[in-house]
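As the structure is a computational prediction, the values presented were derived from the model and not from experiment.
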Amino acid sequence: MANLTVTIATNSTIIPIAETQPFDSTVRSISTFLLIIIILLTLLGNSLVIRAFISFRKLRNVTNYLVVSLAVTDILVAMFSMPVWAAYLLTGPPWIFSLWLKKIWQSMDILCSVASISHLLLISIERYICISSPLTYHSIVTTPKTRVAICAAWSFALTMTIIKLVTWDMSFSAAYQLTAFSLCFAAPVFIMSYAYIMIFRVSRTQAKKMLLKIGEKTKRFCLPKELKAAKTLGVVMGAFVLCWFPFFFLNFFNALCRTCPIQVGAVMVAKALHYFNSVLNPIIYGLMNKQFKTAFRHLFTSTYSSVTGKAQPVTRSDIERQLSSIKSWGLTSLKSRSSTQDKGNTATTELCNYPDKSTGTSL
C-alpha cells in the first residue's frame, strides 16, 4: 500500500479509481471494520441525543435545537454515505457500481457534510451571542430565528449539492473545489475561531473578577476556570480542524494540480476522519453539556429498569426539576458564576437559560 497512488476523480468525495490492483486485504479488512464501528457509534450517539431532546422538555432550548439538527445530519451520513464507502472499500479501487449510485452517494455526502459544518458554525455564533450579549440575547436569538437559521444551513448544503450535480460533466470541477474549500472549510474555521477566541476572552475577563472569600481573607480564584474554558474551546476547534482539514486539503490540492497523484492511504485516512467527526459531535456537543449528561444517565437508568423490571428510582418530574437546576453549557455557567460579586451582572448572564414565556419553550 505504501507505493500505491491514485488520481482523484471527483470533487466532492475523494474516490481513487486509477488503481488496477485491488486494495491490500489487511488494509481493506481493517478499514471496513473500523468504518462499521464508526457507523454504529454514530447511530447510537446521535440517536441518544435526539431521544433525550424529545423526552425532556427542559432540553428544548435554542442551542439544543441546533445540536439535534446536527445529530440528524450525522445520522444521515451514517445511513447513506458510510455504507456506500464501505462497499467501495470491499470492491475497489475500480468503481463497479452504477453511475447513478455514485451520484446519489456523493450528493448525500455533500448535503450532509456541508449541513453538518454549517450547524457547527451556527452553534459557535449562538454561543458567542449568548456570552457577549446576555441582555439582548433573547431579542437576537429566538426560536423562529433559529428555525430559519437551520433551514438556511440545509438550503446552503442543498445548493452546493445541486451545483455539483449540474456541473458533474463540465470543466468547472477545479472552480467548484476551490469554492467548496473557501465556503465550507476556510470561512467556517475563520468565523468559529473568532467566535471562540472572543468567548474565551470574555470568560477570562469574568474569571479574573471571581473572588473566593475564605473567612476574612479574599482569594483570587480564576486559573481553574480559565483552563476549563480553554480546554472546552480547544476540544471544539481541534476536533473540527482535525477531522475536516485532511479531506478539504486533498480536494484543494487536487483542484490546483489535477495530474498530481495522491496515495490511497491518504484518501482513506481523510475519509475516515471526515466520517469520524459524526461520532465526535454527540460527544462534544452532548456529553460536554451538563443537561445532556444528566438526561443520558436517566435514560440509561430508565432502560435498565425496564429491562430488569425494577422500579425507576426517580420520576419524570424529578428529572425535569433536576435539569432546570443545571446550566446548559460550561461557558455560560462560567460567566454566571464569575459574576457572583455583582447581582446585577449575575441576573443578566443567566438570561441565556431563561424560558421563553411567549412560546412556552425553554430558550
S124 OG to I191 CD1 distance, which is reported to the nearest 0.5 Å: 7.5 Å
Salt-bridge present (K102, D109; N to O < 4.0 Å): no
Ring center gap for F97 and W95 short of 6.0 angstrom: yes
F296 ring center near F292 ring center (under 6.0 Å): yes
Minimum heavy-atom distance between T32 and A86, given as atom pair plus value: OG1-O, 4.5 Å
M160 side, atom CE; Y176 side, atom OH - distance, nearest 0.5 Å: 4.0 Å
Worked check of side chain to side chain contact (heavy atoms under 4.5 Å, CB included) between I75 and I50: CA-CA 10 Å; I75 288 177; I50 296 175; 3.6 Å; yes
Candidate pair M237 and S193, rule side chain to side chain contact (heavy atoms under 4.5 Å, CB included), full reasoning: CA-CA 7 Å; M237 283 304 303; S193 298; 3.4 Å; yes
Check: L43 main-chain N/O paired with S47 side-chain donor or acceptor under 3.5 Å: yes
Verdict with supporting geometry, V141 and C130, side chain to side chain contact (heavy atoms under 4.5 Å, CB included): CA-CA 8 Å; V141 182; C130 178; over 6 Å; no
Short side-chain to backbone donor-acceptor contact, S31 and R28, under 3.5 Å: no
Atom pair CD1/CG of I104 and L99 - distance to nearest 0.5 Å: 10.0 Å
Nearest heavy atoms of T42 and A78, plus distance in Å: CG2-CB, 3.7 Å
Side-chain heavy atoms of V49 within contact of V67, under 4.5 Å: yes
Validation row: C184, F156 side chains within 4.5 angstrom (heavy atoms): yes
Which atom of A52 lies closest to which atom of L59, heavy atoms considered: O-CD1, 3.2 Å
4.5 Å side-chain heavy-atom contact, W85 and W105: yes
Heavy-atom pair with the smallest gap, counting every atom of C112 and T73: CB-O, 3.9 Å
Any side-chain heavy-atom pair of H274 and C243 under 4.5 Å: no
Cluster link Y275 to L90, ILVMFWY, side chain under 4.5 Å: no
V84 with I36, same ILVMFWY side-chain cluster at under 4.5 Å: no
V189 backbone acceptor or donor facing Y194 side chain under 3.5 Å: no
Distance flag, aromatic centroids of F248 and F252, threshold under 6.0 Å: no
Heavy-atom neighbours of K145 NZ exceed 12 at 6.0 Å: yes
Side-chain touch L48/P282, heavy atoms, less than 4.5 angstrom: no
Heavy-atom donor-acceptor pair, T146 side chain to T142 backbone, under 3.5 Å: yes
E126 side chain to Y137 side chain, donor-acceptor N/O pair below 3.5 angstrom: yes
Donor-acceptor under 3.5 Å (S139 side chain, T136 main chain): yes
Same apolar cluster (I L V M F W Y, side chains within < 4.5 Å links), L273/F253: no
Test item: Q291 and F56 side chains (from C-beta on) under 4.5 Å apart, heavy atoms: no
Expected output: side-chain R51 to main-chain L299 donor-acceptor under 3.5 Å: no
Any donor-acceptor N/O pair, N46 side chain to S278 backbone, under 3.5 Å: yes
From CA spacing to verdict: side chain to side chain contact (heavy atoms under 4.5 Å, CB included), I117, L121: CA-CA 6 Å; I117 294 173; L121 178 61; 5.7 Å; no
Closest heavy-atom pair and its distance - H119, L66: CD2-O, 3.7 Å
Aromatic contact, Y65 with F53 (centres under 6.0 Å): yes
Nearest-0.5 Å distance that lies between atom OG1 in T91 and atom CD1 in I96: 4.0 Å
Heavy atoms from other residues, nucleotides or ligands near CE of M198 exceed 12 (cutoff 6.0 Å): yes
Parallel, tilted or perpendicular: rings of F185 and F181 (30°, 60°): tilted
Close side-chain approach of L242 and F276, heavy atoms under 4.5 Å: no
Hydrophobic cluster identity match, F80 and L40, side-chain contacts under 4.5 Å: no
Contact check, side chains of S118 and V114, non-hydrogen atoms, under 4.5 Å: yes
Whether N251 side chain and Q177 backbone form a donor-acceptor pair below 3.5 Å: no
Pairwise distance CD(Q106) to OG1(T161) - rounded to 0.5 angstrom: 11.0 Å
Joint cluster assignment, F33 & I39, ILVMFWY side-chain distance < 4.5 Å: yes
Approximate separation, where rounding is to 0.5 Å, of L76 CG and S116 OG: 10.5 Å
Nearest atoms (heavy-atom pairs only) where A272 meets I38: O-CD1, 4.1 Å
